[in-house]
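Treat the numbers as computed from the prediction; the structure is a model and nothing was measured.
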Amino acid sequence: MDFSALATARYSLRKFSSAPVEPEKLALILEAGRNAPTAHNYQPQRIFVLQTPEALEKADACMGRHFHPPVILAVAYDPQVSWKRETDGKDHGEIDASLAVSQMMLQAADLGLGTTYVGMFQPEKLLEAFPEMEGLCPIALLPLGYPAEGAHPARLHTDRRALEELCGICKAVLKISILSKNTGETTVSPVFLFLVVPKATPG
């Protein structure tokens, strides 16, 4: 499947089959998460495979909704490793881990498997349930498995905002001269305007 078709076809699966996920397919999905881009390539993402009945039960108890998949991937980041933006200290760990989740979701879909991104969970309870995650910041639980019979995208899956509402074009439309009071030097700087293409009106 080409990427455009894959990105369109992927949906949040909420009804899983009990069929197991083959180890070779799971390995490919984890590899997609490992290869995800991260800020400064610090790779702070941490992925935990939960597939024993005990682990799945513990994870399920931390979630606001229950999907009963054969595998759950718990995704976190290490704040001791993640890059912090120099200007304001912004921690990019959650962004990096989310990129890993996105790549794993797409790889799963390409293999005929389904996922759903679960952000509605209790991080502290998850950390208590799994001591292996001590010191990490969990960002998502990713149920993973084959679609059950009758599974289909949610009604709102294809409701997308128009491209014009989401995208604009930044252009340097004007240059101004600035005279420094301190040095007496003149510099020329561009002024950037954000241009949004308006939606066409009927008639």
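- Annotation: side-chain contact (heavy atoms from CB on, under 4.5 Å) contacts of Arg65 (sequence neighbours excluded): Arg14, Phe67.
- Within a 6.0 Å radius of CD in Glu57, no more than 12 heavy atoms belonging to other residues, nucleotides or ligands are found.
- The side chain to side chain donor-acceptor pair (under 3.5 Å) pairs that include a residue from residues 143-159 are Glu22-Tyr146, Lys25-Tyr146, where partners are two or more places apart or lie in different chains.
- Closest heavy-atom contact between Pro138 and Ala76: CA-CB, 3.6 Å.
- Leu73 places a side-chain heavy atom less than 4.5 Å from the side chain of Val71.
- Applying the side-chain hydrogen bond (donor to acceptor under 3.5 Å, both in side chains) rule to Lys90 yields no partners; only residues at least two apart in sequence or on another chain are considered.
- Note: Leu136 CG to Gln80 CD = 10.0 Å, rounded to the nearest 0.5 Å.
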Show me, pair by pair, the donor-acceptor contacts under 3.5 angstrom made by side chains of residues 116-128, not counting sequence neighbours?
| residue | atom | partner | partner atom | Å |
| --- | --- | --- | --- | --- |
| Lys125 | NZ | Ala61 | O | 3.1 |

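- Contact record, Cys62 with Lys58: SG-O, 3.3 Å, taken as the closest heavy-atom pair.
- Thr115 has its side chain out of reach of Leu13: every pair of non-hydrogen atoms, C-beta onward, lies at least 4.5 Å apart.
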- Under the side-chain contact (heavy atoms from CB on, under 4.5 Å) criterion, do Ile72 and Leu144 qualify, and how do the steps go? CA-CA 6 Å; Ile72 295 177; Leu144 169 68; over 6 Å; no

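- For Asp110, the side-chain hydrogen bond (donor to acceptor under 3.5 Å, both in side chains) test picks out no residue, with sequence neighbours left out.
- Judged purely by atom type and a 3.5 angstrom limit, Asp96 uses its side chain to pair as donor or acceptor with the backbone of Ala39.
- Tyr42 forms part of a hydrophobic cluster together with Val81, Trp83, judged by ILVMFWY side-chain heavy-atom separations under 4.5 Å.
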- Item | Tyr77/Arg46 under side-chain contact (heavy atoms from CB on, under 4.5 Å): CA gap, chis, key distance, verdict | CA-CA 5 Å; Tyr77 71 90; Arg46 302 292 182 265; over 6 Å; no

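- In this structure, Asp2 has no side-chain hydrogen bond (donor to acceptor under 3.5 Å, both in side chains) partners at least two apart in sequence or on a different chain.
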- Item | Stepwise side-chain contact (heavy atoms from CB on, under 4.5 Å) test for His68 and Leu56 | CA-CA 8 Å; His68 309 294; Leu56 291 171; over 6 Å; no

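- Evaluation of the side-chain contact (heavy atoms from CB on, under 4.5 Å) rule for Pro20 yields no partner, not counting sequence neighbours.
- In this structure, CG in Leu113 is found 9.0 Å from CG in Leu26, a value given to the nearest 0.5 Å.
- When every heavy atom of Ala36 is checked against every heavy atom of Gln45, the shortest pair comes out as O-NE2, 4.3 Å.
- Considering only residues two or more places apart in sequence or on other chains, Arg161 meets the salt bridge (charged side-chain N to carboxylate O under 4.0 Å, His left out) condition with Glu165.
- The CD1 atom of Ile47 sits 4.0 Å away from atom CE of Met104, with the distance rounded to the nearest 0.5 Å.
- Annotation for Ile95: hydrophobic cluster partners, listed by chain and number, are Leu99 (ILVMFWY side-chain heavy atoms under 4.5 Å, direct or chained).
- In terms of hydrophobic clustering, with Ile, Leu, Val, Met, Phe, Trp and Tyr side chains grouped at heavy-atom distances under 4.5 Å, Ile29 and Val49 are assigned to a common cluster.
- Two residues are said to be in side-chain contact when any heavy atoms from C-beta on lie closer than 4.5 Å; Leu142 and Val101 meet this criterion.
- The minimum heavy-atom distance linking Ile139 with Ser98 is given by the pair CD1-OG, 3.7 Å.
- Counting all heavy atoms, side chain and backbone alike, Pro147 lies closest to Ser17 at O-CB, 3.7 Å.
- Considering CD of Glu132 and CZ of Phe48, their distance stands at 7.0 Å, rounded to 0.5 Å.
- Enclosure of atom CD in Glu134 is not indicated, since only 12 or fewer non-hydrogen atoms of other residues, nucleotides or ligands lie within 6.0 angstrom.
- Without hydrogens or angle criteria, Gln103 side chain to Ala32 main chain gives a donor-acceptor distance under 3.5 Å.
- Summarising the geometry, atom CG belonging to Leu6 is positioned 11.0 Å from atom CE belonging to Met105; distances are rounded to the nearest 0.5 Å.
- In terms of heavy-atom proximity, Pro44 sits nearest to Gly93 at CG-CA, 4.3 Å.
- Contacts of Ala55 classified as side-chain contact (heavy atoms from CB on, under 4.5 Å), with partners at least two apart in sequence or in another chain: Leu50, Thr52, Phe130.
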- Intermediate values then yes/no, side-chain contact (heavy atoms from CB on, under 4.5 Å), His92 and Arg85: CA-CA 8 Å; His92 278 239; Arg85 189 163 55 202; 4.0 Å; yes

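- Atom-to-atom distance recorded for Asp78:CG and Cys137:SG is 8.0 Å, nearest 0.5 angstrom.
- Every residue meeting the side-chain hydrogen bond (donor to acceptor under 3.5 Å, both in side chains) condition with Gln43, not counting sequence neighbours, appears here in chain and number order: Asn41.
- With a 4.5 Å cut-off on side-chain heavy atoms, Pro143 and Phe16 count as touching.
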